[in-house]
Amino acid sequence: MNVWIAIGATALGCYAVKLAGLLVPAGALERPLVKRLAALLPVALLAALTAQQTFADGQSPTLDARAAGLAAAAVALVLRAPFLLVVAAAVLVTAGVRALGAG
């Protein structure tokens, strides 16, 4: 039963956030600071999610094959590789490190 309460509360919370966004006056959204924050917030959230998924295992920090895959993706990005090649490099390096038993 507690799970359904959590699901209901989450659904109501999402609806409230959506409604709050629709009620914000248009003039407030046109401010330069708000525009800049709106542009940078998704990047910051994605970076935080990537770091949490790469360097954490439950509640403890860890360093395993995922970190090697992320490093390979970073190198591919620095070399300006196409996106699919970046993903492929990360997958191949992560799988290779795991196959060798290092992660």
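Both backbone and side-chain heavy atoms feed into the values below; hydrogens, waters and symmetry mates do not. Count residues from 1 along the sequence.
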| request: Mind listing the closest non-hydrogen atom pair of Val24 and Ala28 along with its distance? | output: CG1-CB, 4.0 Å
| query | Measuring from Leu85:CG to Leu92:CG, what's the distance to the nearest 0.5 Å? | reply | 9.0 Å
| query | Once you round to the nearest 0.5 Å, how far does NZ of Lys18 lie from CG of Leu23? | reply | 11.5 Å
| CG on Leu41 to CG on Leu46, rounded to 0.5 Å | 11.0 Å
| field | Residue of the set Thr62, Leu49, Leu70, Asp64 for which side-chain contact (heavy atoms from CB on, under 4.5 Å) holds with Thr54 | value | Leu70
| query | Does Val91 belong to the same Ile/Leu/Val/Met/Phe/Trp/Tyr cluster as Phe83, with side-chain heavy atoms less than 4.5 Å apart forming each link? | reply | yes
| query | According to the side-chain hydrogen bond (donor to acceptor under 3.5 Å, both in side chains) rule, which pairs have a member within residues 27-50, sequence neighbours left out? | reply | Glu30-Lys35
| Is there a side-chain contact between Leu37 and Val34, using heavy atoms and a 4.5 Å cut-off? | no
| said: Taking Ala65's backbone N and O only, do any of them form a donor-acceptor pair with Arg98's side chain (distance below 3.5 Å, no angle check)? | reply: no
| query | Any side-chain hydrogen bond (donor to acceptor under 3.5 Å, both in side chains) pairs touching residues 80-94, not counting sequence neighbours? | reply | none
| field | Minimal non-hydrogen separation, Val97 against Ala68, with atom names | value | CG2-CB, 3.9 Å
| For Ala73 and Ala90, which heavy atoms make the closest approach, and how far apart are they? | CB-CB, 3.9 Å
| query | Are any of the side-chain heavy atoms of Phe55 and Leu63 separated by less than 4.5 Å? | reply | yes
